[in-house]
Each structure stands twice: as structure tokens, then as C-alpha cells.
Amino acid sequence: MLLASGAILVGFVVLIWGADRFVIGAAALARNLGVSPLLIGLTVVGLGTSAPEILVSIMAAMQGNPELAVGNAVGSNIANIGLILGVSALVAPLTVKSHVLWREYPLLAGVSLAVYLMLADGHLGQLDGLLMLTGLVGAMVWIVHLGRQRAAVEPLEDEFAEEIPTDMGTGAALVWTFLGLLLLIASSRLLVWGAVEVATALGVSDLVIGLTIVAIGTSLPELAASVAATLKGEDGLAVGNVIGSNLFNMLAVLSVPGLIAPAAVSASVLSRDMPLMLALTAALFFMGRGEHGHGTINRLEGGLLLAVFLAYQTWLYLSSQPTLPGA
């Protein structure tokens, strides 16, 4: 148990640092190749911040723990809205003026609902995974098209430009990209091993571990990025990190167990976890959607999001406790 807990801790630390190096290297490489900051932020950075979830999902599925991968994907989406946006809005109200983000939002809502309906039969299979990957390609094409359309008048352009390194050569960018990827692979394997060992020792399911410890841990890069963006007044970037990450979690992360280790989907995912994820996705829209698409997620709303997340984690903890004989 002690060794497994240590593996989780080390895995998280290396995973977070590796993800940061991977994103910085890939973003700098894309910029050196002439890609605009807006497109880099919407694609390279968006996919890169979901890299921890993707790698953990791959390792979990390959090691025969698809429920951990499912819990990681769904739990990360819940954490991204409830924990990350909740904390960010408490730090400072989030005012979103980006037209791109509010055009991305319907895509996220539609994808989330489509994935839920896809899993409603209680099975995540290879066809489901293939459809999700196809959806990922379509989403990327749409996002690139949207970014090219709006680049000249998009507030996010300047916010992304501030975050992408301008003094990193192509050689250094390649080194950091591949080093970050190697660290992600090694740390995700270590993390999955530790998480499975802890789940076994505590007598809880892989799903619960994926929804709690693993989901929160793999969301830490987004939490750090969003809080930092909020402190700099880059509200669109803070919200964009969440919308992009959630979209990639549904299409890239959740497709992995379907393709590698098709399995039944727990009834609790369909009755408890995904409905909450859909409700938080809807709340994000109504809280942030103001007149002409310019809205503010205030501190009260941020507090409500965080309270819902903490209540959900408490619910998971209480429901996972073994029932004592005679109780």
C-alpha cells in the first residue's frame, strides 16, 4: 500500500511536469512552423493538456482496467468544470468574450450527449471507439476552420500568443516534445499501477479510483493553467482550457478503452456520473452566456460549481465504503 501510494505521488508529479514540457515543446514547434497562436491554442495546446488523461487511459486499457479509463475520462470532465472553473471563478470572476469558445460550446454539448447515448446500451465497444475517433477528426477540422475564420477579430489570439514561447528554437522544441511524451508514457504507467493497487487494497472499484484520485490528478495541469490565466486576466484562456479538454476527453480519452479493451459500462456511470457531467456542461453554458455571447461566471456561481464537485466526491467516498456485516 505504501509503495503504491508512492507510485501514485511520483506518477502525478512526473505526469504534470511531462505534460507541461510536452505542451511547451509542441506549441513552440508549431509556432516555428508558422502556425497562428489561435490555431496552436485550439488544437496543439488543447490536445496537449489532455495528454495525461489520454496516456493514463491507454495504459489502463492495455493493463486490463477499462473502468479506470472510463472513470478518468468522465471524472476529469466533472473536475474540469466543478473544480477548475469553480476555483478559477472564486479567484476572480470569469468574463468570456470569445466568439470561438461559444461556438465550440455547442460542439462540446452535442458530443457529450452523443457519447452518453452511445453508451446507453451499457457497452463500450470498438464501434463506439471508432465513432469517437471519427468525431475527434471532425471536431479538429471544425475547430481549425473556426480558428481561421475568426483569427483577425478573436480576443483569444492575443491570450494564446502571450503563452506560447517565442525564444525556443526548433531543435529544442523537438527535444522537449519527445522528452515530455516519454515522461508521460512512463509516469502514466506508474500511476495506473499504483491506482490499481490502492483500489485493490481499499476494496473499491477501478471506476471509483478513476473518478476520484486519477481524475483529479490528471486535471491538475488544467487547474494550474486556468488559475494562472485568471490571475493574468486571460479569462477566455481559463474557460477555453476546460472546454477544449472536455471535448478531447470525450472523443480521444474515452475512445481508448473501446478500441483496446471493449467492456461493459457500469450502470452507475450512466445513472450517476454522466448525468452530472451533462448537467455541469449545461450549467457552464447558462452561467457564462450573457448578452451577445459575452457573459460572466461570478464568484457565487464559481462557489456553487465547487460545492457540487465536493458534494459529488463525498458521495463517491460514502458509496464506496464496504458495508459492515449486520449493518
Visitor: Apply side-chain contact (heavy atoms from CB on, under 4.5 Å) to the pair Leu207 and Ser268, showing each step before the final yes or no.
Guide: CA-CA 10 Å; Leu207 174 65; Ser268 59; 3.5 Å; yes
Visitor: For Tyr105 and Ile243, indicate whether the former's side chain and the latter's backbone hold a donor-acceptor pair under 3.5 Å.
Guide: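 Answer holds: no.
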Visitor: Please tell me whether Trp193 and Ile185 are part of a single hydrophobic cluster in this structure, the criterion being side-chain heavy atoms less than 4.5 Å apart.
Guide: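 In one cluster: no.
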Visitor: Indicate the atoms forming the closest heavy-atom contact of Ala92 with Arg299, along with that distance.
Guide: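 Residues Ala92 and Arg299, closest heavy atoms: CA-NH2, 3.8 Å.
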Visitor: side-chain contact (heavy atoms from CB on, under 4.5 Å), that's the test. Do Val74 and Asn249 meet it? Break it down for me.
Guide: CA-CA 8 Å; Val74 178; Asn249 284 345; over 6 Å; no
Visitor: Look up atom CG in Leu94 and atom OG1 in Thr296, then write down how far apart they are to the nearest 0.5 Å.
Guide: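 Here the interatomic distance stands at 8.5 Å.
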Visitor: May I ask you to decide if Leu179's main-chain N or O and Arg21's side chain share a donor-acceptor pair within less than 3.5 Å?
Guide: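 Flag not set: sc Arg21 to bb Leu179 has no pair under 3.5 Å.
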Visitor: Scan side-chain atoms only and decide if Thr281 and Asn246 contain a donor-acceptor pair under the 3.5 Å cut-off.
Guide: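 Result is no, nothing qualifies.
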Visitor: Counting heavy atoms not belonging to Met62, are there more than 12 under 6.0 Å from its CE?
Guide: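 At most 12 heavy atoms, drawn from other residues, nucleotides or ligands, come within 6.0 Å of this atom.
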Visitor: Using a 4.5 Å cut-off on heavy atoms from C-beta on, say whether the side chain of Ile54 contacts that of Phe248.
Guide: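 Sidechains of Ile54 and Phe248: no contact.
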Visitor: Would you call Val265 and His123 a side-chain contact if the rule is heavy atoms closer than 4.5 Å?
Guide: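 Of all side-chain heavy-atom pairs linking His123 with Val265, none is under 4.5 Å.
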Visitor: Does any non-hydrogen side-chain atom of Met250 lie less than 4.5 Å from one of Met277?
Guide: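 Yes - at least one pair of side-chain heavy atoms lies under 4.5 Å apart.
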Visitor: Is there a side-chain contact between Tyr312 and Asp273 (heavy atoms, below 4.5 Å)?
Guide: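 Yes, side chains in contact.
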Visitor: Please report the interatomic distance OG(Ser226) to CG(Leu83), rounded to the nearest 0.5 Å.
Guide: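 Ser226 atom OG to Leu83 atom CG measures 10.0 Å (nearest 0.5 Å).
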Visitor: Are there more than 12 heavy atoms of other residues, nucleotides or ligands under 6.0 Å from atom CZ of Arg189?
Guide: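 Check fails, neighbour count at 12 or below.
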Visitor: Is it true that Leu136 and Val141 fall in one hydrophobic cluster, defined by side-chain heavy atoms closer than 4.5 Å?
Guide: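 Leu136 and Val141: separate clusters.
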Visitor: If I take atom CG from residue Leu183 and atom CZ from residue Phe178, how far apart are they, to the nearest 0.5 angstrom?
Guide: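 Result: 13.5 Å between the selected atoms.
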Visitor: Tell me, do Met274 and Val115 make a side-chain contact under 4.5 Å, heavy atoms counted?
Guide: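 Met274 reaches Val115 side chain to side chain.
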Visitor: Between Leu15, Leu55, Leu9, Val13, which is the residue that forms a side chain to side chain contact (heavy atoms under 4.5 Å, CB included) with Leu191?
Guide: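 Among the candidates, only Leu15 passes.
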Visitor: Go through the side-chain N and O atoms of Ser245 and Asn80 and say whether any donor and acceptor fall under 3.5 Å apart.
Guide: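 The criterion, which ignores hydrogens and geometry beyond distance, is satisfied for Asn80 and Ser245.
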Visitor: Quick one, Glu67 with Val269, criterion side-chain contact (heavy atoms from CB on, under 4.5 Å). Give me CA distance, side-chain angles, the key distance, then yes/no.
Guide: CA-CA 10 Å; Glu67 277 204 330; Val269 172; over 6 Å; no
Visitor: Answer yes or no: is there a side-chain heavy-atom contact under 4.5 Å between Val198 and Ser5?
Guide: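 Heavy-atom side-chain distance check passes, below 4.5 Å.
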Visitor: Provide the closest heavy-atom pair for Arg272 versus Leu316 in the form atom of the first, atom of the second, distance.
Guide: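 That would be CZ-CD2, 3.4 Å.
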Visitor: If I take atom OG from residue Ser112 and atom CG from residue Leu247, how far apart are they, to the nearest 0.5 angstrom?
Guide: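 Going from OG on Ser112 over to CG on Leu247, the span is 7.5 Å.
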Visitor: What I'd like to find out is whether the side chain of Pro52 reaches to under 4.5 Å of the side chain of Ser188, using heavy atoms alone.
Guide: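 Of all side-chain heavy-atom pairs linking Ser188 with Pro52, none is under 4.5 Å.
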Visitor: As a test of understanding, state which of Ile260, Val196, Val192 forms a side chain to side chain contact (heavy atoms under 4.5 Å, CB included) with Gln63.
Guide: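 Filter result, single survivor: Val192.
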Visitor: How close do Leu278 and Leu113 get, counting heavy atoms only, and between which atoms?
Guide: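 Shortest heavy-atom contact: CD2-N, 3.8 Å.
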Visitor: Is it true that Leu174 and Leu181 fall in one hydrophobic cluster, defined by side-chain heavy atoms closer than 4.5 Å?
Guide: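 Different hydrophobic clusters.
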Visitor: Are Leu108 and Leu117 linked, directly or through other ILVMFWY residues, by side chains that come within less than 4.5 angstrom of each other?
Guide: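 Yes, Leu108 connects to Leu117 through the hydrophobic network.
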Visitor: Any idea which heavy atoms bring Ser205 and Ala199 closest together, and the distance?
Guide: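 What the structure gives for the nearest pair is O-CB, 4.2 Å.
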Visitor: Any link between Phe12 and Val208 through a network of hydrophobic side chains (Ile, Leu, Val, Met, Phe, Trp, Tyr) touching at under 4.5 Å?
Guide: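 No: no chain of side-chain contacts under 4.5 Å links Phe12 to Val208.
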Visitor: Would you sort out whether Leu276 and Leu280 count as a side-chain contact (heavy atoms from CB on, under 4.5 Å), showing the intermediate values?
Guide: CA-CA 6 Å; Leu276 177 61; Leu280 286 173; 4.2 Å; yes
Visitor: Given 3.5 Å as the limit, does a donor-acceptor pair link the side chain of Asn65 with the main chain of Leu68, or not?
Guide: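 The answer is no, because no donor-acceptor pair under 3.5 Å joins these two groups.
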Visitor: How many angstroms lie between OG1 in Thr177 and CD1 in Ile24, if you round to the nearest 0.5 Å?
Guide: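 It is 10.0 Å, given to the nearest 0.5 Å.
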Visitor: Within the side chain of Asn32, is there an N or O that forms a donor-acceptor pair under 3.5 Å with the backbone of Met168?
Guide: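 Yes.
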Visitor: If I compare all heavy atoms of Val253 with all of Ala73, which pair ends up nearest, and what's the gap?
Guide: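 Of all heavy-atom pairs spanning Val253 and Ala73, the closest is CG1-CB, 3.7 Å.
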Visitor: Using every non-hydrogen atom in the two residues, find where Ser219 and Ala79 come nearest and quote the distance to one decimal.
Guide: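 Result for this residue pair: OG-CB, 3.9 Å.
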Visitor: How long is the span from the CD atom in Glu53 to the CG atom in Asn77, to the nearest 0.5 Å?
Guide: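 The CD atom of Glu53 sits 8.5 Å away from the CG atom of Asn77.
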Visitor: Between Ile216 and Gln313, is any pair of side-chain heavy atoms under 4.5 Å apart?
Guide: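 A side-chain contact under 4.5 Å exists here.
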